[in-house]
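Heads up: the structure comes next, in structure tokens.
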Amino acid sequence: MRFSKLLIPTLKEAPKDAVLPSHIYLVRGGFIFQVASGIYDFLPLGKRVLDKVRAIVKEELDAAGCQEVQLGFVTPAELWKKSGRYEKYGAELLRFEDRKGNEFVLGPTHEEMMVELAGQFVNSYKQLPLNLYQINLKFRDEARPRFGLMRGREFIMKDGYSFHADREDMVREFELMETTYRKIFTRMGLDFRVVEADSGAIGGEGSKEFMVLADSGEDTIVVCDGCDYAANIEAARRSESEDVPEAPEADLTKFHTPGVTSIEELAHFFHVDPYYLLKCVAKKALYDEGRSEIVLFFLRGSDELQETKAANSVGANELEDATEEELEAAGLVPGYMGPVSIMRNEPEEGKAPFSALVADLGVPMIFDNSLKGAKQMICGANEPDYHIVGADLDILNEEKFADLVQVKEGDICAKCGGRLSYTKGIEVGHIFQLGTRYSEPLGASFLDRDGKSKPFVMGTYGIGVSRLLAAVIEQHHDDKGSIWPASVAPFEAVVVVGNVKDEAQLSAGEKIYEALKAKGVDVLLDDRPERFGFKMKDFELIGFPYAVVVGKRLSEGKVEIVARAGLNRTEADTEEAAERVAKLLG
RNA sequence: CGGGGUGUAGCGCAGCCUGGUAGCGCGCCUCGUUCGGGACGAGGAGGUCGAAGGUUCGAAUCCUUUCACCCCGACCA
């Protein structure tokens, strides 16, 4: 291709609303153009990169035995009503009617459609397993699209769904997909981590995310410095620390603590490490059909609540902060809520004056695992200005315990004992063990060996294809522009003719260009009547892996080969330039 | 959805406070000079000032409403 004929509208100035390098360089480099919030046109260069990313995804998936299909982007609302997600999916689901008044949605994901498809044509265990995927548009009416291709409303996703006769086979496929995804992202030159993830409302037992490490990532991930453990903060686990602070010593009793409501104030008031304070986080849990209830989550004062874990522990769709009014309406005392009430004992020799009971607050109480058998805790007394000290929580045996804590930096790795720390990641892939979550309600089943009808056991696997363009640049750029890995570069090399009016330069450039093409290199000829510096700036901005510069030393039979990464330049004889570049590209 | 900000030429911006013929830089078109790091000169094209309503002799400018876009947060199978 010739640069002079291609629509590559590079810009000198950054668009004012772009903040991330990937967004800035995709726009400045003439890859994409914003049409509306979260909706972008792909210009020729952007389309080329997109196609290369798609090709890699397709190649690896096909090699793993998956089959590509393409489902309708516009999907009947009826299917969504059948799965129960029509209402549940919320405002992100774009709904509309056709001229006859039939209801449709723009597909934000395609579980329903794909299950329907499999249910239609797969009747026997002999047809299993089956892994179908598509690389297709998705539309989610995001509350806040941002960062260019990073979080669009319209975007391209590869979504795959596998169907199995039993759980074992599904887990086998899940692992196959993990290795396949690793290959895909490695080929794109990405530095990524596979992290344990929250399975969330989609359900299932296993879920892993593929995170491209980048400061601009929207997800916080927890990594271990001692082993390969990595998890999304929403799912990260830790080991209980062994060096616990010294425990206070107090007999069980009620204590006057006027106006002391925060953990910080309490720690100061009692001169006690927050580890021995019982933190109560009150939330309003929201369920299907608008149902909601107040739930109290208890954890150590030294810990923070992880909301996703908390929501999962009660099966809620989401949690909201409970207001003081709502707490009072539920008969609770904000600032002084505790799971324990105390009772005065009959005076008796050798017996403590009080004993503890589980308080009956009339709302669900969930306890973090670290509170199992906790001793000498200080907690709210469920009346204004009083706390209970010296509470031993072994009376809570019958209560519900769950993992509620948000792992902190410096916590101990549950796998190897190393130290955990935070890093940021961009989610480019997510694989789930789905089970029968969709096949059951949608009535998608097959006849098993024993002649009985069973719902498919499913897995689902996603890759954010258009988001990958942004992720690659986030990891591969400098202050001049993008630096594309050859595997996804819009062109693998550009031949820059220093001065097209110099016929010798132009014809030498064309010769090298033809030679590169003959060697199978995806090459662009920059034959624009621009000055040298202008063209070099564009090369750096767009970020082709290599440039062959035909210029002033042509008379001595020399051209330059410039590597975009590092901008190192080497001289080459005109005749051997193509060969050298082809070799560099492998 | 809460908080903040911005809408003036393809892009980046000034003008608005204090109402009076819509400007600058880049880009674009023509000609000439230049030609290894985003050249220079001359000439030119291009704008319902986001939209609607109001105040006024007169509105980019003041008032009201509305829409769009961006940032922080909430949210994000």
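Throughout, protein chains are lettered first and strands after them, A, B, ... in sequence-line order, and every chain is numbered starting at 1. From a predicted model like this one, the values you see are computed outputs, not experimental measurements.
Comparing atom distances between the A:Val19 side chain and each of B:rC71, B:rC11, B:rA77 picks out B:rC71 as nearest.
Residues forming a side chain to side chain donor-acceptor pair (under 3.5 Å) with A:Asp526 (at least two apart in sequence, or on another chain): A:Arg528. Shown here are the side chain to side chain donor-acceptor pair (under 3.5 Å) partners of A:Glu178, two or more places apart in sequence or in another chain: A:Arg182, A:Lys208. Residues satisfying the salt bridge (charged side-chain N to carboxylate O under 4.0 Å, His left out) test with A:Glu326, not counting sequence neighbours, are A:Lys284. For A:Glu78, the side chain to side chain donor-acceptor pair (under 3.5 Å) test picks out no residue, with sequence neighbours left out. By the ring pair (Phe, Tyr, Trp, His ring centres under 6.0 Å) test, A:Tyr86 is found to be paired with no residue, residues two or more places apart in sequence or in another chain being considered. Here A:Tyr513 pairs with nothing under the ring pair (Phe, Tyr, Trp, His ring centres under 6.0 Å) rule; sequence neighbours left out.
Residue contacts for A:Ala91: at a heavy-atom cut-off of 4.0 Å it reaches no nucleic acid atom on any strand shown. Looking at heavy-atom distances under 4.0 Å, A:Glu92 makes contact with sugar-phosphate atoms alone, never a base. Residue contacts for A:Phe33: at a heavy-atom cut-off of 4.0 Å it reaches no nucleic acid atom on any strand shown. A:Thr109 comes within 4.0 angstrom of a base, heavy atoms only. Using a 4.0 Å heavy-atom criterion, one finds that A:Glu218 contacts no nucleic acid atom at all.
A:Glu13 has no carboxylate O lying under 4.0 Å from a charged side-chain N of A:Arg28, or vice versa, which leaves the two without a salt bridge. Note on A:Asp527 versus A:Lys5: no salt bridge recorded, every NZ/NE/NH1/NH2 to OD/OE distance being 4.0 Å or above. Looking at A:Glu510 and A:Arg2, a side-chain N of the basic residue comes within less than 4.0 Å of a carboxylate O on the acidic one, giving a salt bridge.
Shown here, B:rU34 forms no base pair; nothing in the strands shown gives a Watson-Crick or G-U wobble contact with both key distances under 3.5 Å. B:rC69: Watson-Crick or G-U partner is B:rG5, with both key distances under 3.5 Å. When Watson-Crick and G-U wobble pairs are counted only if both distances are under 3.5 Å, B:rC17 pairs with no nucleotide at all. Figure legend. B:rA74 is base-paired to no nucleotide; pairs are counted as Watson-Crick or G-U wobble with both atom distances under 3.5 Å. B:rG25 is paired with B:rC11 under the criterion used here, namely a Watson-Crick or G-U wobble arrangement in which both key atom distances are under 3.5 Å. Pair assignment for B:rC62: B:rG54, on the basis of Watson-Crick or G-U wobble contacts that are both within less than 3.5 Å.
If A:Gly38 and A:Asp159 are placed on RNA chain B by their nearest nucleotide, the residue sitting closer to the 5' end is A:Gly38. When each of A:Ala14 and A:Met157 is assigned the nucleotide of RNA chain B bearing its nearest heavy atom, the one mapping closer to the 5' terminus is A:Ala14.
What separates CZ of A:Arg151 from P of B:rA74 is a distance of 12 Å, to the nearest Å. Per the geometry, CZ belonging to A:Phe432 stands 8 Å off P belonging to B:rA77, to the nearest Å. Whole-Å rounding puts the A:Asp321 CG to B:rC75 C1' distance at 13 Å. Across the protein-nucleic acid pair, A:Leu93 atom CG and B:rC75 atom C1' stand 16 Å apart, rounded to whole Å. To the nearest angstrom, P of B:rC75 lies 20 Å from CE of A:Met150. B:rC75 atom P lies 11 Å from atom CG of A:Leu286, rounded to whole Å.
Taking the centre and axis of the six-membered ring of A:Tyr546, the NZ or CZ atom of A:Arg564 falls outside the cone set by 45° and 6.0 Å.
Within the structure, the salt bridge (Lys or Arg N to Asp or Glu O under 4.0 Å) test picks out the following pairs touching residues 136-147 of chain A (sequence neighbours left out): A:Lys138-A:Asp159, A:Asp141-A:Arg153, A:Glu142-A:Arg151, A:Arg146-A:Glu218.
Side-chain N/O atoms of A:Arg437 and base N/O atoms of B:rA77 include no donor-acceptor pair closer than 3.5 Å.
Listed pair A:Ser37 / B:rC70 meets the phosphate criterion, a side-chain N or O lying under 4.0 Å from OP1 or OP2.
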Write out a two-atom table: protein N or O, nucleotide N or O from nucleotides 2-9 of chain B, distance below 3.5 Å.
residue	atom	partner	partner atom	Å
B:rU6	O2'	A:Lys16	NZ	3.2

Seminar exercise, completed: Contact string for nucleotides 30-42 of chain B, one letter per nucleotide 5' to 3', B = base within protein heavy-atom range under 4.0 Å, S = sugar-phosphate only, - = neither, reads ----BBBBBB---
